[in-house]
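Quick note: numbers below take in every heavy atom, side chains included, and nothing from hydrogens, waters or symmetry partners. Index from 1, following the sequence.
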Amino acid sequence: MTDPAPPRDIAEELQLAIAVLVRQLRAAAGDGVSLSQMSVLKRLDRLGPSTASELARAERIRPQSVIATVNSLQADGHVARSPHPTDRRQQLIALTPQGRALVQQRREAGQGRIAELIAERLGPAEQQLLAQAVPLLRRLAED
C-alpha cells in the first residue's frame with residue numbers, strides 16, 4: 001500500500017472537485033438563487049423559524065449579511081418575518097410555502113443530478129468506495 005498524499009494535496013483536489021460539483025448542481029437547479037440564499041433557506045428548513053442573529057451564528061457570517069440575504073429572499077416571497085413571541089425587539093424569519101417548495105425542488109434536482117453522475121461515471125466498486133467516503137466528508141463538514 002502506498003503512503004497517502006499530503007493533506008494539502010488532498011485538500012486542493014477535494015476543493016476543486018467540490019467546486020465543479022457545486023457548479024453542476026447550480027446549473028441543474030437553474031433557479032437563479034445564490035449559494036448564500038440557498039444556505040439560509042436550507043437552514044430555516046432544518047431549524048424552523050429563527051432570528052437574524054441565530055441565522056448569522058449558524059451560518060458564521062455577520063448579521064448584516066444575513067439581513068441583506070433575508071431581505072432579498074423576502075422580496076422574492078421565499079421567507080416571511082413575524083414578531084418574536086417573547087422579545088418584541090426581534091423578528092422571526094420563516095420559510096413561506098414558496099420557499100419550502102424551492103428548498104425541496106433544489107434538493108431533488110441536486111440529488112437527482114448527483115445520482116445521475118454516480119450511475120454514469122462510477123462502476124460498482126467505485127460507488128461502494130464513494131459510499132464509504134460520505135461519512136468522512138460529513139465529519140469534515142460538521143460544525
Side-chain angles (χ1 to χ4, degrees), residues 2-123 126-143:
T2 63
D3 288 338
R8 279 188 121 9
D9 293 351
I10 297 169
E12 182 178 356
E13 289 299 317
L14 183 59
Q15 186 178 26
L16 177 62
I18 289 170
V20 171
L21 277 173
V22 166
R23 279 196 299 277
Q24 288 188 19
L25 294 176
R26 288 185 73 199
D31 53 28
V33 176
S34 74
L35 290 176
S36 59
Q37 290 173 323
M38 203 64 223
S39 183
V40 167
L41 290 173
K42 286 181 177 181
R43 179 111 19 218
L44 289 169
D45 186 53
R46 282 192 307 276
L47 300 178
S50 304
T51 65
S53 300
E54 291 166 338
L55 286 172
R57 268 192 305 280
E59 292 290 309
R60 294 187 170 144
I61 59 175
R62 296 176 309 140
Q64 298 87 339
S65 298
V66 164
I67 290 168
T69 299
V70 167
N71 287 343
S72 175
L73 290 169
Q74 185 174 15
D76 291 339
H78 299 304
V79 299
R81 289 180 166 104
S82 63
H84 192 284
T86 60
D87 186 346
R88 295 170 54 105
R89 298 168 296 160
Q90 296 191 63
Q91 292 184 319
L92 286 179
I93 302 154
L95 288 177
T96 63
Q98 179 181 333
R100 193 168 310 286
L102 177 62
V103 169
Q104 185 61 30
Q105 172 197 353
R106 182 66 84 90
R107 186 175 289 129
E108 289 171 6
Q111 288 171 355
R113 181 65 183 140
I114 291 173
E116 219 173 80
L117 291 169
I118 291 170
E120 289 173 1
R121 298 181 182 178
L122 302 179
E126 292 169 316
Q127 290 179 24
Q128 182 61 36
L129 187 60
L130 182 59
Q132 292 171 353
V134 169
L136 299 176
L137 293 170
R138 203 176 275 132
R139 277 185 25 213
L140 290 176
E142 286 176 354
D143 289 340

Next on the checklist: Testing the basics here: between A5 and I10, what is the closest heavy-atom pair and its distance to 0.1 Å?
Outcome noted: O-CD1, 3.3 Å
Checklist entry - Do the non-hydrogen side-chain atoms of Q104 and E108 ever get within less than 4.5 Å of each other? => result yes
Checklist entry - Within a strict 4.5 Å, meaning less than it, do heavy atoms of the L44 and S50 side chains meet? => result yes
Checklist entry - Can you tell if the side chain of Q91 reaches within under 4.5 Å of the side chain of T51, non-hydrogen atoms only? => result no
Item to check | Short side-chain to backbone donor-acceptor contact, R106 and V33, under 3.5 Å | outcome: yes
Checklist entry - For the atom pair CD (E12) and CZ (R8), what is the distance rounded to the nearest 0.5 Å? => result 9.0 Å
Next on the checklist: Keeping S65 on the side-chain end and I61 on the backbone end, is there a donor-acceptor pair under 3.5 Å?
Outcome noted: no
Next on the checklist: When you compare the side chain of L73 with that of I93, does any pair of heavy atoms fall below 4.5 Å?
Outcome noted: no
Item to check | Sub-4.5 Å side-chain heavy-atom contact between L95 and H78 | outcome: no
Next on the checklist: Run the side chain to side chain donor-acceptor pair (under 3.5 Å) test on Q74 and N71 for me, step by step, so that the C-alpha distance in whole Å, both residues' side-chain angles and the decisive distance to 0.1 Å come before the verdict.
Outcome noted: CA-CA 5 Å; Q74 185 174 15; N71 287 343; over 6 Å; no
Checklist entry - With no hydrogens and no angle check, is any side-chain donor or acceptor of T96 less than 3.5 Å from a backbone partner on G77? => result yes
Item to check | R89, CZ: over 12 other non-hydrogen atoms inside 6.0 angstrom | outcome: no
Listing, residues 109-117 side-chain donor-acceptor contacts under 3.5 Å, not counting sequence neighbours, or none:
residue : atom : partner : partner atom : Å
R113    : NH1  : E116    : OE1          : 2.7

Checklist entry - Are V66 and P63 side-chain neighbours, meaning at least one heavy-atom pair lies under 4.5 Å? => result no
Next on the checklist: If you define the side chain from C-beta out and look only at heavy atoms, does anything of L102 sit under 4.5 Å from Q105?
Outcome noted: yes
Checklist entry - Just by distance, do the side chain of Q37 and the backbone of S34 share a donor-acceptor pair under 3.5 Å? => result yes
Next on the checklist: Donor-acceptor check, side chain of Q98 to backbone of D76, threshold 3.5 angstrom: yes or no?
Outcome noted: yes
Checklist entry - side chain to side chain donor-acceptor pair (under 3.5 Å) between E59 and S39: does it pass, once the steps are laid out? => result CA-CA 8 Å; E59 292 290 309; S39 183; 2.5 Å; yes
Next on the checklist: Contact between R43 and L55 at the side-chain level, heavy atoms closer than 4.5 Å - yes or no?
Outcome noted: yes
Checklist entry - Are the side chain of E126 and the backbone of G123 linked by a donor-acceptor contact shorter than 3.5 Å? => result yes
Item to check | Atom pair CG/CG of L122 and L129 - distance to nearest 0.5 Å | outcome: 9.0 Å
Checklist entry - Where do R81 and I67 come nearest, in terms of heavy atoms and distance? => result NH2-O, 4.1 Å
Item to check | Reported CD1-to-CD distance for the pair I18 and Q15, which is rounded to 0.5 angstrom | outcome: 8.0 Å
Checklist entry - Can you tell me how far the CZ atom of R121 sits from the CD1 atom of I118, to the nearest 0.5 Å? => result 11.0 Å
Next on the checklist: Return the NZ to CG distance between K42 and L35, rounded to the nearest 0.5 Å.
Outcome noted: 9.0 Å
